[in-house]
Novice: 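Sharing a structure here in structure tokens format.
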Amino acid sequence: MRARRDAGPTEWDIPFAATWISPEGRRAARRVLASGWVTTGPETERFEAEFAAHVGARHAVAVSSCTAGLELSLRALRLPPGGAVLVPDITFCGAAQAIVHAGLRPVLVDVDPRTAMPTPETVARAARACGCPHALMVLHYAGAPAPVADLAEAARLPLDRVVEDAAHALGTTVGDRPVGSLSRATCFSFYATKNLPIGEGGMVTTNDPALADLLRRTRLHGMSTDAWHRNLPGGAWQYTVEEPGLKANMTDVQAAVGRAQLRYVEAWQRRREEVAARYDEALKGVPGLVPLEVTTAGRHARHLHVVRVGEGYGAGRDEVIERLAERGIGTSVHFPPVHRTSCLRERALVPPGGLSGADALFPELLSLPLYPGLTDDAVDRVCAELARPRAAHRRPSGSLRTLVVGAGEAGQALARDLAHTPQFGLAPVGFVDDDPAKGRTGTIGGLPVLGRLDDTREIALAQRIEVVVVAIPGLRPDGFRRVARAAEATGASVRYLPSFIAALRRDVVGSDMRALDVHELIGRVEMHVVGPETRSTVAGRRVLVTGAGGSIGSELCHQIRAFGPSRLFLLDHDESNLHRLQLELYGDALRSDDIVISDIRDRPRVDQVFRELRPEIVVHAAAHKHLPLLEQHPCEGVKSNVRGTENLVRAAAATGTERFVLISTDKAADPVSVLGATKRLAELVVRHAQDEAPPGTVFAAVRFGNVLGSRGSLLSVVAEQLGTGSPVTVTHPDVTRFFMTVEEAVGLVLEAMRLARGGEVFVLDMSDPVRIVDLVRKFARSVNVPDVDIRFTGLRPGEKLNETLFSAHERHTGTAHPRIFAATSTARHDHPDTLTEDLPELYAAAERNDADEVRRVLATLLPCFPTTQPRRPAHSVLADPYPDDF
């Protein structure tokens with residue numbers, strides 16, 4: 001239960017949960033206390049019998065808690081030490097702890113974000129990850145029926161290896177069968193907020209008499225006869241202890257209250273259903289507020305009423321919680337994913353590919369008040385608050401939550417200017433500062449001082465920070481690196497503004513400030529793509545980045561390093577770039593074990609690298625990507641972009657790589673250039689590799705637009721031309737392109753690692769394309785060149801007037817990330833058999849350096865690709881300003 005910040009827990013107007021003990025329950029407790037027998041005794045035995053009949057089970061064993069029941073049930077299965085137990089990633093931490101305490105290993109199962117529960121597919125994936133699961137724990141989340149038999153079948157386990165976590169599920173049925181007799185053991189909770197509230201306590205039901213007998217012994221230290229039965233007529237003091245147990249018995253006080261409460265359960269259930277229906281009806285028209293789906297037939301116990309606070313709502317989940325709390329309405333969140341719990345992260349097995357469903361769902365989960373005593377007026381008030389106009393609780397449109405590092409005069413001025421200038425797209429939410437006096441002040445300029453610089457990571461996570469701006473001009477380089485790494489580890493982007501005040505007022509122009517007004521250039525707000533949950537995909541794994549010395553490759557290395565890989569291998573054929581990158585990352589160039597000098601065209605060398613390094617994640621950024629030059633040298637494009645990619649995917653599959661992500665380009669959609677064609681073939685090579693991949697290996701690709709700020713990209717070339725006073729060269733007055741920032745590009749790759757299931761091509765929703773002429777003029781104005789001289793040179797060979805993100809023969813679908821789509825080809829010519837037949841011919845032509853034959857084979861493989869190269873005056877081919885660099 002959440003406590004209101006300015007009030008005690010009893011002062012909520014509408015508490016999240018309320019416990020009611022009936023008059024009969026109170027009288028029963030007094031009766032037991034008067035009897036003098038207050039531990040396990042006759043009331044407990046009667047409660048066991050009545051509860052077993054209530055849920056249709058042959059036996060019931062009363063225990064101290066549901067989690068104790070889970071542990072005892074797992075012990076009773078006699079699994080081998082360290083045996084693998086499948087458990088949902090979205091569950092109470094105690095359920096996973098019960099597995100650990102039983103001497104077993106949790107294997108986390110991803111959930112469907114629509115239901116918050118595992119599916120047969122996610123269970124099967126987790127089962128493959130551990131090789132041979134020994135048991136399965138099924139949770140009836142929020143009281144919704146889970147498909148117990150289907151999940152057991154997906155795990156290839158019999159029902160007698162299934163333990164149900166029914167903490168939420170008293171009253172749930174699967175089909176027409178009550179939860180309580182579907183599997184080997186079912187564990188219920190009688191915690192104060194549950195459907196049968198006692199205060200504490202739980203029950204394990206089973207149809208197996210031997211299991212019930214074992215549970216009765218192990219709940220009380222393993223003793224063959226407990227104190228109650230030893231004190232019955234004819235009882236004796238002797239008992240044996242044949243195996244270790246727990247002190248996990250229920251008392252007669254609890255049991256007496258439980259028996260009295262049991263008579264109310266059906267009436268309470270009907271009221272819970274009425275409250276849930278009232279919520280559903282009142283909230284169904286609120287955009288972005290989505291109830292969880294129920295996909296299994298049966299009765300829902302309605303223990304919780306959970307909704308998802310999606311992007312369309314206009315405010316984040318945590319903002320909603322705080323806003324409702326300020327109005328006296330309690331809410332809660334059920335539950336943080338197990339893999340994000342520090343004490344369990346190292347003990348649990350996470351399947352290859354991560355737990356993207358849980359990661360996508362958790363930031364949206366919100367549990368609303370639901371209990372039998374909740375009045376209709378209270379429900380209506382909660383719904384009215386949730387349905388308030390979203391403008392009342394939305395931050396400035398498109399603005400990014402910003403943490404200002406430094407609360408001195410400089411930081412205060414920056415925060416003030418950002419707050420007064422919403423068009424910059426940054427919304428300051430607070431400061432961090434090492435000055436104790438500022439920390440004691442609490443707030444400065446209306447913004448809180450949230451902590452010290454060393455607290456940056458924790459604050460960024462807690463406050464959902466998207467941008468960290470370092471506003472301490474004299475901050476030492478090591479201090480800046482420490483803050484930057486902490487921020488990047490949460491997925492936030494970092495900006496250092498040594499001259500930020502002047503820059504905000506446009507007196508100083510520098511590369512640092514371009515990010516602040518990037519939305520002015522590209523016609524949309526920069527998207528914060530990557531979230532802190534992506535850490536679980538990378539943390540503790542061996543990661544290899546090809547093309548690591550390039551602008552995108554090096555930025556990827558910086559961000560990946562912040563997510564805590566066990567090793568980060570930097571592969572490139574340019575040793576100078578690798579040396580520079582190593583100095584940037586580590587401050588020295590002595591880590592030669594992490595440097596890999598290799599050409600991806602050299603298959604034996606690639607095979608050797610993968611055999612020796614055994615990377616678990618590969619990000620493939622190495623490529624030839626200069627569009628005009630590849631039109632002149634198509635054979636080189638084939639050798640690197642196609643054959644080099646095939647060398648890598650073969651090596652990855654052979655050595656058990658878990659995740660392989662290819663960086664492609666939007667020019668691969670219906671390609672007319674050599675760059676686009678070779679990148680499209682690289683995408684198909686990756687998809688074909690997925691078709692033949694061993695279990696546990698996932699191949700995917702991402703398509704970039706033109707990346708602002710990368711080496712040789714449009715802005716860097718335009719800035720150079722403006723600086724020298726030269727005319728800015730643009731190919732055509734109406735040419736448009738999709739643009740993305742370096743941060744968005746890297747975020748797309750990192751999210752693709754998490755989202756990929758195999759064979760997809762991921763594309764960032766970059767809104768509408770931007771006219772190059774408009775972008776150039778806006779950029780020129782931002783650097784105080786109001787009248788820019790533009791020279792039009794004509795479209796280059798291989799260039800389109802307008803790019804597309806998807807081919808005419810592709811369908812695109814949404815993913816767990818609202819701004820990332822997955823493209824799937826529907827064209828017959830993209831079939832893997834065509835690749836197998838024609839790629840050797842393409843490679844042979846490239847090895848002969850036969851450019852005409854390469855173009856002919858490319859046209860055979862990709863019907864939209866032109867067989868002959870358009871003619872163009874030689875002098876203008878390389879004079880145009882920018883390549884398609886990433």
Novice: Return a table of donor-acceptor pairs under 3.5 angstrom between the side chains of residues 91-106 and protein atoms on other chains or two or more places apart.
Specialist:
residue: H101; atom: ND1; partner: Q97; partner atom: O; Å: 3.4
residue: R105; atom: NE; partner: R347; partner atom: O; Å: 3.4

Novice: Between R30 and R27, is any pair of side-chain heavy atoms under 4.5 Å apart?
Specialist: yes
Novice: When you compare the side chain of S367 with that of F16, does any pair of heavy atoms fall below 4.5 Å?
Specialist: yes
Novice: Are any non-hydrogen side-chain atoms of V320 and L366 less than 4.5 angstrom apart?
Specialist: yes
Novice: Quick one: are R317 and E364 in side-chain contact, heavy atoms under 4.5 Å?
Specialist: no
Novice: Show which side-chain atoms of residues 148-155 pair as donor or acceptor with protein atoms under 3.5 Å away, not counting sequence neighbours.
Specialist:
none

Novice: For the residue pair F51 and R259, establish whether any side-chain heavy-atom pair is separated by less than 4.5 Å.
Specialist: no
Novice: Using the benzene-type ring in the case of Trp, are the ring centres of H168 and F335 under 6.0 Å apart?
Specialist: yes
Novice: Please confirm whether the ring centroid of Y264 lies under 6.0 Å from the ring centroid of W20.
Specialist: yes
Novice: Are the side chains of V174 and V179 in touch, meaning some heavy atoms are under 4.5 Å apart?
Specialist: yes
Novice: Do you know which two heavy atoms are closest between T172 and G143, and how far apart they sit?
Specialist: OG1-O, 2.7 Å
Novice: With a 4.5 Å heavy-atom cut-off, do Y371 and T19 have their side chains touching?
Specialist: no
Novice: Under a 3.5 Å distance rule, please check whether Y141 uses its side chain to pair with a backbone N or O of H334 as donor and acceptor.
Specialist: yes
